[in-house]
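Each remark here refers to the structure printed beneath this line.
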Amino acid sequence: KKVKRTIPQSATLRSSAHTLRYSRARSHGKDSKPAGRPFPDAMRGKQMVPYNITIYDLRGRITQLLSRTDSDLIGTWRKENENNNTIIDTEGTGHQLEDFTVPALSLQPKRRHNKEGKGDEAQETLSQLVSNDEEFMNLFDRFLVEVIIPWLKEKLVGVEEEDDETAAIFHENEPITF
């Protein structure tokens, strides 16, 4: 008897409208080297970055941003009522990111075999919303410059084996994905 195995997958509605594709123009020769140095093994894996959640309230800003979205396209807030039934939270107070639910059709691209999919439209809409939220983008940029990059530099200097004076260059990917 065969056992059918299912692999749990997490669907993601990205806030950046880009795709990753294999590039045939990419060099594969023996002499091709990646830019910069390899990432140190000591830095691979889960890392915890301490920061002040009051000063950098990314969670609050994302919650506010999502509260302004089209609930049928991007998603809505759900919570359990007193009977443990899941209901849509229309009151708009005390939202938690964990309670945000994206509609299934918004996770599926519109294709020939799936004409109902709204994934491309939802992704583009969310991308525009994030890119145009100046307060959020300023907070995110401050968070990168004041918290993430200094933390990363400190960690990288701590794991370097040789005294290398080469300046580290950091790149930000925009639009950001959350």
Side-chain angles (χ1 to χ4, degrees), residues 6-21 39 43-111 114-156 168-178:
T6 57
I7 300 171
Q9 296 181 358
S10 296
T12 304
L13 177 60
R14 298 181 311 185
S15 63
S16 60
H18 67 272
T19 57
L20 300 175
R21 294 209 165 100
F39 206 62
M43 289 292 296
R44 296 177 189 270
K46 185 176 183 177
Q47 300 287 323
M48 301 294 282
V49 181
Y51 70 96
N52 185 326
I53 61 173
T54 304
I55 295 173
Y56 305 98
D57 186 17
L58 296 168
R59 189 176 182 80
R61 288 298 311 152
I62 293 169
T63 300
Q64 288 175 359
L65 188 141
L66 291 174
S67 294
R68 298 192 317 262
T69 63
D70 176 356
S71 60
D72 292 330
L73 183 62
I74 304 298
T76 190
W77 305 97
R78 300 192 184 269
K79 66 179 181 179
E80 289 185 358
N81 65 11
E82 59 277 353
N83 300 326
N84 291 330
N85 295 324
T86 302
I87 60 169
I88 295 174
D89 181 9
T90 56
E91 295 173 20
T93 59
H95 290 145
Q96 298 291 316
L97 286 178
E98 295 80 7
D99 298 331
F100 192 79
T101 306
V102 178
L105 289 176
S106 294
L107 298 170
Q108 303 167 12
K110 189 178 221 175
R111 299 281 189 255
N114 181 11
K115 296 186 187 305
E116 302 291 318
K118 297 180 181 180
D120 298 327
E121 180 186 358
Q123 186 171 307
E124 182 62 32
T125 301
L126 187 57
S127 180
Q128 290 298 319
L129 186 67
V130 170
S131 297
N132 293 329
D133 188 322
E134 207 168 307
E135 271 187 62
F136 174 75
M137 293 305 293
N138 288 338
L139 175 63
F140 186 78
D141 286 343
R142 273 189 33 242
F143 180 68
L144 280 179
V145 170
E146 297 171 8
V147 176
I148 298 298
I149 292 175
W151 176 86
L152 191 54
K153 281 183 178 180
E154 180 182 316
K155 291 292 181 184
L156 289 172
I169 299 172
F170 296 88
H171 300 273
E172 178 183 354
N173 184 29
E174 285 193 12
I176 63 168
T177 303
F178 67 82

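The stretch residues 62-73 participates, sequence neighbours left out, in these salt bridge (charged side-chain N to carboxylate O under 4.0 Å, His left out) pairs: Arg68-Asp133.
The closest side-chain heavy-atom distance from Leu126 to Leu65 is below 4.5 Å.
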- Item | Derivation of the side-chain contact (heavy atoms from CB on, under 4.5 Å) call for Ser71 and Trp77 | CA-CA 8 Å; Ser71 60; Trp77 305 97; over 6 Å; no
- Task: Report the C-alpha separation of Ile62 and Phe100 in whole Å, then their side-chain angles, then the decisive distance to 0.1 Å, and conclude whether the side-chain contact (heavy atoms from CB on, under 4.5 Å) test is met.
- Result: CA-CA 11 Å; Ile62 293 169; Phe100 192 79; over 6 Å; no
- Message: Between Val147 and Asn52, does the side-chain contact (heavy atoms from CB on, under 4.5 Å) criterion hold? Intermediate values first, please.
- Response: CA-CA 9 Å; Val147 176; Asn52 185 326; over 6 Å; no
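Residues passing the salt bridge (charged side-chain N to carboxylate O under 4.0 Å, His left out) test with Glu116, sequence neighbours excluded: none. Shown here are the salt bridge (charged side-chain N to carboxylate O under 4.0 Å, His left out) partners of Glu134, two or more places apart in sequence or in another chain: there are none. Not counting sequence neighbours, Phe140 has no partner by the ring-ring contact (aromatic ring centres under 6.0 Å, His included) test. For the side chain to side chain contact (heavy atoms under 4.5 Å, CB included) test, residues two or more places apart in sequence or in another chain that qualify with Ile148 are Val49, Phe143, Leu144. Evaluation of the salt bridge (charged side-chain N to carboxylate O under 4.0 Å, His left out) rule for Glu146 yields Arg142 as partners, not counting sequence neighbours.
The NZ atom of Lys118 sits 13.0 Å away from atom CG of Asp120, with the distance rounded to the nearest 0.5 Å. Distance check: Ile74 CD1 to Leu66 CG gives 8.5 Å after rounding to the nearest 0.5 Å.
Counting non-hydrogen atoms of neighbouring residues, nucleotides and ligands closer than 6.0 angstrom, the CD atom of Glu135 reaches no more than 12 such neighbours.
Proximity of a side-chain donor or acceptor of Thr63 to a complementary backbone N or O of Arg59 within less than 3.5 Å is detected. With hydrogens and angles ignored, the 3.5 Å screen pairs no side-chain donor or acceptor of Asp99 with any backbone N or O of His95. Side chain of Ser106 to backbone of Leu73: a donor-acceptor contact under 3.5 angstrom is found. The backbone N or O of Gln128 lies less than 3.5 Å from no partner atom in the side chain of Ser131, so there is not a single donor-acceptor pair.
Taking all atoms of both residues into account, the shortest heavy-atom contact from Phe136 to Arg61 is CD1-CB, 3.8 Å.
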